[in-house]
Amino acid sequence: DQQVKQNSPSLSVQEGRISILNCDYTNSMFDYFLWYKKYPAEGPTFLISISSIKDKNEDGRFTVFLNKSAKHLSLHIVPSQPGDSAVYFCAYTNAGKSTFGDGTTLTVKP
Amino acid sequence: KAGVTQTPRYLIKTRGQQVTLSCSPISGHRSVSWYQQTPGQGLQFLFEYFSETQRNKGNFPGRFSGRQFSNSRSEMNVSTLELGDSALYLCASSLFTGTGELFFGEGSRLTVL
């Protein structure tokens, strides 16, 4: 049973518009949710996180929303830039272990 | 500050062989995790070590093993390689405080022929 699901394998948006990446989870026992970005031939890099006790966290163009009742997480990127084109993974941490979704490939077209 | 270093970056093996991958974490990080990434499968958790002890283990067969040394460097070994073991193996280190943010290496790309 997959505990973290990113139901959209890919997303394409125009430069300057908003990108919304979604993540659903089944396990309510987590400390933090994190988003990572991965470029080809590189390891994932941390993007933004949110604590289980919060419902929103902002960092520049990136905002993460957490809806605990719906067990849903989303990452908003505004405005989207071509350099944002990458694979985005959501993950939660619990007791030292991180569980990842399958990733969503974001393409931002100039 | 040096990042997470993984060696080798690329390797090709044949079925039945075994392979050892190495990971040097960021200085001061005592937690090291290993993940397998295959196309369309996301990052599958293999195991996590902290202070030379395996604390968490994923759902992989016993052919996959690992260890951590006193200097926090870690190795993972895969014995009796199968074609399906072809993947990118990622190592990540963390401080194991706060958010649990992982710092990943660039990975070791294993191809099994």
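Each chain gets a letter, A, B and so on, in the order its sequence line appears, and its residues count up from 1. Everything quoted here is computed from the prediction, not taken from an experiment.
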Enumerate by number any residue of residues 103-113 of chain B whose heavy atoms lie under 4.5 Å from heavy atoms of chain A; in the absence of such residues, state 'none'.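 The list, in residue order, reads B:Phe104, B:Gly105, B:Glu106.
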If you link I, L, V, M, F, W and Y whenever their side-chain heavy atoms are under 4.5 Å apart, who else ends up in the same group as A:Val78?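 Hydrophobic cluster check, A:Val78: joined to A:Ile18, A:Ile20.
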Between the side chains of A:Asp24 and A:Asn7, is a donor N or O closer than 3.5 angstrom to an acceptor N or O?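 There is such a pair between these side chains.
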In terms of side-chain heavy atoms, does B:Asn77 have a donor or acceptor partner in B:Thr20 at a distance below 3.5 Å?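 Result is yes, a qualifying pair exists.
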The criterion is side-chain contact (heavy atoms from CB on, under 4.5 Å); which residues satisfy it with A:Asn57, sequence neighbours excluded? A:Ile48, A:Ile50, A:Val64
With sequence neighbours left out, what residues match A:Ala70 under side-chain contact (heavy atoms from CB on, under 4.5 Å)?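 Partners of A:Ala70 under the side-chain contact (heavy atoms from CB on, under 4.5 Å) test: A:Asn67, A:His72.
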Salt bridge B:Lys13-B:Asp85, side-chain N to carboxylate O under 4.0 Å: no
Given A:Tyr25, which partner from the list A:Phe33, A:Tyr92, A:Phe100 fulfils the ring-ring contact (aromatic ring centres under 6.0 Å, His included) test?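 The option that passes is A:Phe33.
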Side chain from CB out, backbone as N, CA, C, O: work out which of these in B:Gln6 comes under 4.5 Å of a heavy atom of chain A, or both, or neither. neither
Counting only heavy atoms closer than 4.5 Å, note whether B:Leu90 contacts chain A via side chain, backbone, both or neither.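 Contact with chain A: side chain only.
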Heavy-atom distance under 4.5 Å to chain B: side chain of A:Ser49, backbone, both or neither? side chain
Tell me whether B:Asn71 at atom CG has more than 12 heavy atoms from other residues, nucleotides or ligands lying less than 6.0 Å away.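 Yes - once you tally the heavy atoms of other residues, nucleotides and ligands closer than 6.0 Å, there are more than 12.
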Please rank A:Ala41, A:Pro9, A:Pro44, A:Ala91 by heavy-atom pairs under 4.5 Å with chain B and give me the top one.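 The option with the most such pairs is A:Pro44.
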